[in-house]
Amino acid sequence: MGLFLRDRETAPCTVTVSHRFEELSAHVRFNNGAVIHPGDSVEVHGAEIMAPYGEGVEETRTATITRASALE
């Protein structure tokens, strides 16, 4: 990794969206064990995930992880 260069990698992931009275949340878990560090960014590919009120939805997607450069 260079001082200014940002590495990218793709990873399979599971996205969980909850739209319940007691919980409104969205979480991404990387299925290959990838770890996100400070300064990294994640883009999950695919259409928007909408959970109807009172339910939770879980979908498998692909994500692109852009690693922070050494300077960042």
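Just so you know, these numbers use all the heavy atoms, side chains as well, and skip hydrogens, waters and symmetry mates.
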**Request:** Could you tell me whether the side chain of Asp7 and the main chain of Arg67 form a donor-acceptor pair under 3.5 Å?
**Result:** no
**Prompt:** What distance separates Arg8 CZ from Asp40 CG, expressed to the nearest 0.5 Å?
**Reply:** 12.0 Å
**Asked** Sub-3.5 Å donor-acceptor pair from the side chain of His19 to the main-chain atoms of Ala51, do we have one?
**Response** yes
**Item:** Close side-chain approach of Ile65 to Phe30, heavy-atom, < 4.5 Å
**Value:** yes
**Side-chain heavy atoms of Asn32 within contact of Pro12, under 4.5 Å** = yes
**Message:** Nearest 0.5 Å, please: how far is CZ in Arg61 from SG in Cys13?
**Reply:** 8.0 Å
**Message:** For the OG1 atom of Thr62 and the NE2 atom of His45, what is their distance to the nearest 0.5 Å?
**Reply:** 7.0 Å
**Asked** Is it the case that one hydrophobic cluster holds both Val28 and Ile49, taking links as side-chain heavy atoms less than 4.5 Å apart, direct or via other members?
**Response** yes
**Item:** Check ion pair Glu55-Arg20 (N to O, under 4.0 angstrom)
**Value:** no
**Prompt:** If you measure from CD on Glu9 to OG1 on Thr66, what distance do you get to the nearest 0.5 Å?
**Reply:** 9.0 Å
**Item:** Flag for Thr14-Asn31: side-chain donor and acceptor within less than 3.5 Å
**Value:** yes
**Prompt:** Is it the case that more than 12 heavy atoms not belonging to Tyr53 sit under 6.0 Å from its OH atom?
**Reply:** yes
**Item:** Min side-chain heavy-atom separation Val15-Val44 under 4.5 Å
**Value:** yes
